[in-house]
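Encoded as structure tokens, the structure appears first; notes follow it.
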Amino acid sequence: MKNLGKQKNKKNGGITLIALVITIIVLLILAGVTIATLTGDNGILTRAIEAKFKTEISNLKEQIEIKEVSNSKENAFGTINGILGMESEYNDKLVIENGNLVYDTEKFSDQEKKWLEDLDILPKGNYYLIMMENTKTKFSGQTNIGTMQEFSELVNSGNFSYDIAYIIEDINLECDESNQWVTIGNENTAFSAVIEGNDYTISGLYIDNTNSYQGLFGNNTGTIKNIKMNDLYIKSDVGTGRSTTGGIVGYNNGGTIENCQIANSTIIASGNNVGGIVGWNENGGTVRKCTSSAKITNTGTYSTGGIVGWNNNNGQVYDCSNSGDITGSANVGGIVGTSQANSIIENTYNTGNIFTNGIDAGIEEILGVDCQILESRAGGICGLSQQSYINKSYNLGQIEGKGIDIGGICGRVISFIQEKNVSIENCYNSGKVIGTGNLIVSGSNNIFGGSALGGISGRVIEEAMVKTCYNTGDIDGVYTIGGIAGEMGSIKDNNSGNIENCYNIGDTRTKSTTKGGILGRINLGNIKSCYYLNITENGIGTGTDIDKFESELQAKTESEMKSSDFINLLNADYSEDLWKRDTSNVNKGYPIFIWQ
């Protein structure tokens with residue numbers, strides 16, 4: 001009887017509540033409140049339903065966070081009831097995908113979908129799970145699972161029909177000389193979906209062949225993110241031509257590579273376009289938040305970089321860093337080997353050492369004698385920048401080469417992106433720049449190298465602009481050595497360069513007289529508001545019309561350069577301050593950028 005009474009009270013309570021709601025609605029209508037005000041998109045009842053809906057969904061999200069399902073490969077995918085062990089009216093409408101709550105688009109109204117999006121709940125995807133072979137038994141009966149090798153086979157055969165692939169645990173590829181890795185995608189087939197690495201590590205990749213388009217992925221137009229790679233070995237011995245080899249992907253054609261890492265790895269190549277992350281990045285391809293410590297050796301001709309070998313045609317490289325040592329022939333950079341055609345490098349840094357052997361660039365008259373020219377075009381950030389933009393980047397590694405055009409930031413900079421109107425800005429170098437080549441101008445076997453060395457750029461030509469940069473690294477070479485640039489402009493080709501608002505405190509050392517605190521040699525160009533520490537005798541070593549730049553080049557003492565007056569001088573031409581005092585002694589008291 002007692003229990004029956006409780007049930008009766010519950011029933012009466014329910015009737016009373018319904019009656020109360022109806023009474024309130026009637027009273028509101030009698031008071032002049034319209035039905036639209038009650039039930040419209042922003043009506044009282046609609047907002048009440050929305051609040052209830054969002055509260056229930058938020059509670060489910062909270063339960064997922066408490067259970068930490070994203071940290072468990074078994075619990076990261078499934079139903080609410082199966083994973084959380086709780087009944088819910090949304091059990092057949094919402095599922096858990098990669099540790100996140102997602103919804104079935106066919107089981108919610110358009111209004112409910114908007115509310116779900118307000119809570120950052122996304123539609124469920126058509127996904128594929130990547131795991132080790134022995135883990136597959138835990139997903140018995142599922143067809144959307146496979147190993148990394150099986151995933152590669154699906155992509156390469158053109159049968160990968162999923163929107164996204166998830167790596168759900170660390171993967172050991174267990175490759176060796178007799179069981180080499182077959183890249184995901186190749187010269188003729190691109191990966192075009194999304195792969196989410198979930199910060200898991202892939203190890204044991206081994207490649208040693210004569211093919212190009214080498215890497216974990218060979219060819220990508222999709223999105224590759226959050227993958228760590230360890231113990232990687234790639235050797236692409238193509239002989240000549242394009243190796244197009246990278247630790248993550250060989251060729252990134254308009255795709256996105258994000259938050260990927262390469263560690264304890266070796267990349268060896270004999271062709272062009274070799275990078276720690278991407279070999280060849282172009283057509284708006286984006287590489288961001290990636291790091292590499294891979295040791296890279298390339299005997300090919302051009303484009304070797306710590307992150308990207310060749311960055312071309314609106315290629316974008318952001319927020320990346322390299323700490324691996326790199327050896328190449330020409331166009332060698334700590335971040336990018338060659339950057340061309342409206343491409344951008346921004347917020348990057350290099351701590352690895354760079355070395356170039358140089359390439360034979362033909363015969364040119366030097367000091368009245370025909371010489372064989374060795375070109376290195378090597379830089380801490382970029383080897384060759386042509387109609388490209390480098391911003392907010394710095395180098396701490398040593399840059400060394402046997403040829404010409406070697407710089408702390410860029411070896412040779414040519415032209416600029418029109419909308420930027422500047423080639424390199426807001427950059428600094430603290431690494432040593434060394435030209436180890438010889439200047440031999442006697443006899444019949446004349447060789448010219450170790451020249452055009454600069455703290456920021458080795459050579460600045462074709463209207464290129466270096467602006468708002470500083471150098472603290474020492475420069476040691478054979479000929480035309482400058483604290484900011486080695487050589488600027490070309491009388492022969494009738495083009496000029498520009499340097500503006502820069503300072504140098506690094507020493508310039510050479511046996512010749514062609515060294516300057518700012519510029520080694522000027523042929524054609526302009527200099528404005530530049531300063532150098534008075535350990536160097538002249539602002540410009542040699543060149544054309546040096547005297548006309550006397551007022552724009554000022555030698556300063558150490559105390560003057562560390563003063564507030566000098567900061568004000570550097571900031572004078574800007575609406576917002578770009579420079580600040582070094583109160584934390586990160587630059588021995590000399591001015592630093594606001595962003596440092």
Side-chain angles (χ1 to χ4, degrees), residues 128-136 143-162 164-197 200-225 227-239 241-253 255 257 260-262 264-271 273-281 294 296 309:
Y128 183 85
L129 304 182
I130 300 171
M131 61 197 73
M132 294 291 289
E133 180 67 38
N134 57 10
T135 304
K136 290 166 65 175
T143 58
N144 61 332
I145 62 171
T147 63
M148 205 74 190
Q149 287 84 349
E150 290 168 334
F151 168 60
S152 178
E153 290 169 6
L154 275 177
V155 174
N156 293 340
S157 65
N159 293 319
F160 186 79
S161 58
Y162 300 91
I164 186 168
Y166 293 103
I167 298 175
I168 66 168
E169 63 180 336
D170 291 336
I171 303 288
N172 186 346
L173 297 175
E174 300 177 330
C175 295
D176 54 30
E177 292 182 19
S178 60
N179 178 34
Q180 297 190 28
W181 175 246
V182 177
T183 61
I184 304 164
N186 49 53
E187 188 170 356
N188 300 313
T189 303
F191 175 71
S192 58
V194 177
I195 182 166
E196 168 58 74
Y200 285 114
T201 298
I202 299 174
S203 59
L205 183 148
Y206 187 96
I207 296 173
D208 184 353
N209 57 41
T210 58
N211 300 328
S212 58
Y213 290 78
Q214 295 299 297
L216 177 65
F217 291 77
N219 189 346
N220 174 64
T221 59
T223 297
I224 302 169
K225 59 183 180 179
I227 292 177
K228 296 178 180 178
M229 297 204 68
N230 189 48
D231 187 29
L232 168 154
Y233 180 88
I234 299 176
K235 185 176 181 181
S236 172
D237 191 5
V238 297
R242 294 172 175 169
S243 284
T244 311
T245 295
I248 298 295
V249 60
Y251 180 45
N252 186 46
N253 182 14
I257 316 298
C260 292
Q261 301 175 25
I262 304 290
N264 304 313
S265 298
T266 300
I267 298 174
I268 301 170
S270 63
N273 312 335
V274 178
I277 301 294
V278 177
W280 179 3
N281 180 58
I296 302 174

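Position 1 is the first residue of the sequence, and the numbers go up from there.
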(message) Could you go through Asn252 and Asn220, starting from their C-alpha distance and side-chain angles, then the distance that decides it, and tell me whether this counts as side-chain hydrogen bond (donor to acceptor under 3.5 Å, both in side chains)?
(response) CA-CA 5 Å; Asn252 186 46; Asn220 174 64; 2.8 Å; yes
(request) Looking only at non-hydrogen atoms, find the nearest pair between Val274 and Ala269 and report the distance. (result) CG2-CB, 3.5 Å
(message) Within this structure, what is the CD1-CG distance for the pair Ile202 and Leu232, rounded to the nearest 0.5 Å?
(response) 10.0 Å
(request) Taking all heavy atoms of Met229 and all of Ile227, pick out the closest pair and write down the distance. (result) CG-CG2, 4.0 Å
(request) First locate atom CG of Asn144, then atom CG of Leu129, and finally report the distance between them rounded to the nearest 0.5 Å. (result) 5.0 Å
(request) Would you confirm whether Glu196, through its side chain, and Ile164, through its main-chain N or O, come within 3.5 Å as a donor-acceptor pair? (result) no
(message) Please give me the minimum heavy-atom distance between Thr189 and Val155, naming the atom from each residue.
(response) CG2-O, 3.6 Å
(request) For the pair Ser152 (side chain) and Val182 (backbone), establish whether a donor and an acceptor sit closer than 3.5 Å, ignoring hydrogens and angles. (result) yes
(message) For Phe160 and Phe191, take the angle between the two ring planes, folded into 0 to 90°, and tell me which bin it lands in: parallel under 30, tilted 30 to 60, perpendicular over 60.
(response) tilted
(request) Take Asp237 and Ser270, measure what side-chain hydrogen bond (donor to acceptor under 3.5 Å, both in side chains) needs, and give me the verdict at the end. (result) CA-CA 5 Å; Asp237 191 5; Ser270 63; 3.0 Å; yes
(message) Exactly one of Asn209, Thr244, Val238 should register a side chain to side chain contact (heavy atoms under 4.5 Å, CB included) with Gln214. Which one does?
(response) Asn209
(request) Please report the closest heavy-atom contact between Lys225 and Val194, naming both atoms and the distance. (result) CE-CG1, 4.3 Å
(request) Could you tell me whether the side chain of Tyr200 and the main chain of Ile168 form a donor-acceptor pair under 3.5 Å? (result) yes
(message) Check whether Asn253 reaches the backbone of Thr221 with its side chain - one donor and one acceptor, N or O, closer than 3.5 Å.
(response) no
(request) Looking only at non-hydrogen atoms, find the nearest pair between Tyr128 and Leu154 and report the distance. (result) CE1-CD1, 3.6 Å
(request) Identify the heavy atoms of Ile130 and Met148 that sit nearest to each other, and give their distance. (result) CG2-SD, 3.5 Å
(message) Using side chain to side chain contact (heavy atoms under 4.5 Å, CB included), reason through Trp181 and Leu216 one step at a time and then give a plain yes or no.
(response) CA-CA 8 Å; Trp181 175 246; Leu216 177 65; 3.9 Å; yes
(message) Has Glu133 got a side-chain atom pairing as donor or acceptor with Thr147's backbone, closer than 3.5 angstrom?
(response) no
